[in-house]
Amino acid sequence: MLLSHMSHPYIRELFSCISSDDTILPDELGQCRGIYNSFLFSVFPSADFTVWPQYPLHTPQGHNRGILYSFIVEFVREREQIPVFFLDVKPAGDIEDDSARAVADKKMRQTFRILAKSCKTPKLYGFSAMGQKLALYCLDMESRHITPAAIECSSTRITDTVPQEWWDIDITTQAGYDKFMEVAQETKGMVGLKQTFDLEGKPRIFED
């Protein structure tokens, strides 16, 4: 099954249409979500995965208990859907706001707690996106440890509990794109999918 991923130059072009000369266009968040929506669908093909732009939450009895507004990727096999990856999107300007970063970090950790109940892979990766900048999070299912580790507030000094430096991956650069694809490929490997490349360097995904 041959896949055609969105290239990083194309992603860079899409993000350049959102802001120009420090002017943010209306509905920046919606446009960012649209870019990531298309990107995730290209990285996680529908033959094996379901990408949820809005993830329905249910009680153990199957009753609806709300919507999680993050992109959740589930691996689909024999009527079973297993969460394997997620991405939360915020406006680019939030990266400069201490309180906005704290809110984003809290949501990431809450999402891990929600998905961990159904996750069956050794690790669960998540990205917090603020515009084109990404922070990588990971839950180790054996130790139940989340990285980056939470930074506690201090009662005696001002502490940046969610530093801006965590968003150190730029999806519009080759290095940032490669890092995202590395995480995606590891995720696929954990569910028994492997990747090779054709003679033009385009990725091909095969099931073991």
Side-chain angles (χ1 to χ4, degrees), residues 2-46 49-55 67-74 84-109 111-112 124-138 147-148 160 162-188 195 197 200-203 205:
L2 176 64
L3 297 183
S4 178
H5 295 156
M6 292 170 62
S7 65
H8 90 272
Y10 181 56
I11 295 172
R12 182 174 64 241
E13 180 181 348
L14 291 175
F15 273 104
S16 71
C17 296
I18 296 177
S19 61
S20 178
D21 299 326
D22 298 325
T23 300
I24 305 299
L25 297 180
D27 193 27
E28 178 213 356
L29 178 59
Q31 293 183 65
C32 285
R33 284 182 58 85
I35 294 172
Y36 283 113
N37 181 69
S38 298
F39 184 43
L40 288 172
F41 271 97
S42 75
V43 173
F44 295 98
S46 59
F49 299 94
T50 299
V51 178
W52 295 85
Q54 299 176 5
Y55 190 67
I67 298 291
L68 178 62
Y69 290 95
S70 294
F71 288 101
I72 309 297
V73 178
E74 290 185 323
V84 294
F85 180 93
F86 71 97
L87 185 147
D88 185 61
V89 184
K90 303 294 185 187
D94 282 12
I95 198 170
E96 304 288 346
D97 187 322
D98 292 359
S99 60
R101 294 198 307 274
V103 169
D105 178 69
K106 181 179 180 180
K107 185 176 180 183
M108 292 295 290
R109 298 179 193 280
T111 303
F112 276 120
L124 177 61
Y125 284 107
F127 279 102
S128 171
M130 293 188 175
Q132 65 197 55
K133 296 294 187 69
L134 303 172
L136 175 61
Y137 286 69
C138 180
T147 54
D160 187 356
V162 187
Q164 184 174 332
E165 289 73 23
W166 285 1
W167 282 262
D168 60 353
I169 300 170
D170 187 336
I171 193 62
T172 67
T173 67
Q174 185 67 60
Y177 178 89
D178 288 346
K179 182 60 179 179
F180 188 100
M181 297 306 296
E182 175 187 322
V183 172
Q185 179 53 29
E186 182 179 346
T187 297
K188 293 172 183 176
Q195 175 170 292
F197 295 85
E200 296 180 353
K202 295 179 181 179
I205 300 295

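The residues of the chain are indexed from 1 along the displayed sequence.
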Any chance you could measure [X], atom [atom1], to [Y], atom [atom2], to the nearest 0.5 Å?
X	Y	atom1	atom2	answer
Y177	Y10	OH	OH	12.5 Å
E28	R33	CD	CZ	13.0 Å
L136	D168	CG	CG	8.5 Å
I95	Q132	CD1	CD	9.5 Å
I11	S42	CD1	OG	7.0 Å
T172	E13	OG1	CD	12.0 Å

For the NZ atom on K133, are there more than 12 heavy atoms of other groups (residues, nucleotides or ligands in this structure) within a distance under 6.0 Å?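 No - once you tally the heavy atoms of other residues, nucleotides and ligands closer than 6.0 Å, there are 12 at most.
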
If you draw a 6.0 Å radius around NZ in K179, do more than 12 non-hydrogen atoms from other residues or ligands fall strictly inside?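 Open.
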
Validate the cation-pi geometry between K188 and F85: distance from NZ or CZ to the six-membered ring centre under 6.0 Å, angle to the ring axis within 45°.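 Ring-cation test returns no.
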
Is the centre of the F180 ring less than 6.0 Å from the centre of the F127 ring?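 Yes.
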
Under 6.0 Å between ring centres, would you say that holds for Y36 and F15?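 So the answer is yes for these two rings.
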
Go through the steps for W167 and V162 under the test side chain to side chain contact (heavy atoms under 4.5 Å, CB included), then give the verdict. CA-CA 10 Å; W167 282 262; V162 187; 3.5 Å; yes

Taking every non-hydrogen atom, the tightest pair across [X] and [Y]:
X	Y	result
M130	A100	CE-O, 4.2 Å
C32	G131	SG-CA, 3.9 Å
R109	P148	NH2-O, 2.7 Å
F112	G126	CZ-N, 4.1 Å

One pair to check against side chain to side chain contact (heavy atoms under 4.5 Å, CB included): S38 and F41. What are the steps and the verdict? CA-CA 5 Å; S38 298; F41 271 97; 5.9 Å; no

Measure from the side-chain N and O atoms of K107 to the backbone N and O of Y69, and report whether any donor-acceptor pair falls under 3.5 Å.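 Such a contact is found between K107 side chain and Y69 backbone.
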
Between D105 and R101, is the salt bridge (Lys or Arg N to Asp or Glu O under 4.0 Å) condition met? List the steps. CA-CA 6 Å; D105 178 69; R101 294 198 307 274; over 6 Å; no

Between F39 and I171, is the side chain to side chain contact (heavy atoms under 4.5 Å, CB included) condition met? List the steps. CA-CA 11 Å; F39 184 43; I171 193 62; 3.8 Å; yes

Heavy-atom side-chain contact between D88 and T111 under 4.5 Å: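 The answer is no, as the side chains (C-beta and beyond) never meet within the 4.5 Å cut-off.
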
Can Q31 and I35 be said to form a side chain to side chain contact (heavy atoms under 4.5 Å, CB included), step by step? CA-CA 6 Å; Q31 293 183 65; I35 294 172; 5.6 Å; no

V73 and side-chain contact (heavy atoms from CB on, under 4.5 Å): which partner among V43, L87, T187, V51?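 The passing option is V51.
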
